[in-house]
Amino acid sequence: GQSLEQPSEVTAVEGAIVQINCTYQTSGFYGLSWYQQHDGGAPTFLSYNALDGLEETGRFSSFLSRSDSYGYLLLQELQMKDSASYFCAVIEGGSYIPTFGRGTSLIVHP
Amino acid sequence: DTAVSQTPKYLVTQMGNDKSIKCEQNLGHDTMYWYKQDSKKFLKIMFSYNNKELIINETVPNRFSPKSPDKAHLNLHINSLELGDSAVYFCASSQEASGGYEQYFGPGTRLTVT
């Protein structure tokens, strides 16, 4: 089976940098995705890592270490609109179906 | 244009009823999915479907069934609704099965069973 661990809640102030960690256990790891979901909204795709290293997309970056079964999402220059839930999702080879973590609620304070 | 759309947005019904949720995507994607998100925001895959294969999460009761009239549509039928079926149901699509790491979600259908 698969399991993912991510913090349930993270708080930060506007303009700060925050890192949301995700550790996983899976038998056939293919990649790690990140999604953002605002309250009442739908998950939206943020980034994907299949190889070790950092992927940067604007203010958001995602990192993966396959040997450590670990990844993180880095959000820079935080804005109030970044307050949302962030989900990591492990993609297993073969089915390519994601298994989502339980999400991290990010609260950005002024 | 909405990429992935679902109807209805809200659905309130009584236990024992049968209901359907419709999903359409205009992205030209090959693979579509149904997810259930519970009150604690846990997002669980229910089905994955393309024109070649249906993958069912073995924990999904057989009261739930996906039906795909064509590549752009994947509807969800639920028979004999139970209180525990209350949740938000999301439809999603990806370009192809192997592209499941990047999915586009519909706005969700909030189902309330009374």
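Residue numbering restarts at 1 for every chain, and letters A, B, ... go by the order of the sequence lines.
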Partner chain B: residue of P98(A), S33(A), G103(A) with the largest heavy-atom pair count (under 4.5 Å):
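Maximum pair count with chain B is reached by P98(A).
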Under a 4.5 Å heavy-atom cutoff, which of S47(A), P43(A), A50(A), A42(A) has the most pairs with chain B?
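Most pairs with chain B among the choices: P43(A).
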Under 6.0 Å from the [atom1] atom of [X], do we count more than 12 heavy atoms belonging to anything else shown?
X      : atom1 : value
K22(B) : NZ    : no
Q19(A) : CD    : yes
D70(B) : CG    : yes

Could you see if [X] belongs to whatever hydrophobic cluster contains [Y]? Use Ile, Leu, Val, Met, Phe, Trp, Tyr and a side-chain cutoff under 4.5 Å.
X      : Y       : result
Y48(A) : Y96(A)  : yes
I97(A) : L74(B)  : no
I55(B) : F100(A) : yes
L11(B) : M46(B)  : yes
L76(B) : V4(B)   : no

Where along residues 61-87 of chain A does a heavy atom come under 4.5 Å of chain B, listed by residue number?
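Residues of residues 61-87 of chain A touching chain B at under 4.5 Å: S85(A), F87(A).
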CD on E53(B) to OG on S95(A), rounded to 0.5 Å
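With rounding to 0.5 Å, OG (S95(A)) is 9.0 Å from CD (E53(B)).
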Drop me the distance from T104(A)'s OG1 to K41(B)'s NZ, to the nearest 0.5 angstrom.
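Interatomic distance, T104(A) OG1 to K41(B) NZ, rounded to 0.5 Å: 11.0 Å.
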If I measure from the heavy atoms of chain A, does Q37(B) come under 4.5 Å with its side chain, its backbone, both, or neither?
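Just its side chain gets close to chain A.
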Below 4.5 Å from any heavy atom of chain A, which atoms of L43(B) appear? Answer side chain, backbone, both or neither.
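Both parts, backbone and side chain.
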Can you tell me which of T31(B), V88(B), I45(B) forms the most heavy-atom pairs within a distance under 4.5 Å of chain A?
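Ranked by contacts with chain A, first place is I45(B).
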If you apply the rule salt bridge (Lys or Arg N to Asp or Glu O under 4.0 Å), what do you find for R102(A) with D38(B), and how did you get there?
CA-CA 11 Å; R102(A) 290 192 170 269; D38(B) 62 23; 5.0 Å; no
Spell out the residues in residues 99-114 of chain B that have some non-hydrogen atom less than 4.5 Å away from a non-hydrogen atom of chain A, in order of number; otherwise answer 'none'.
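Only G100(B), Y101(B), E102(B), Q103(B), F105(B), G106(B), P107(B) of residues 99-114 of chain B have a heavy atom under 4.5 Å from chain A.
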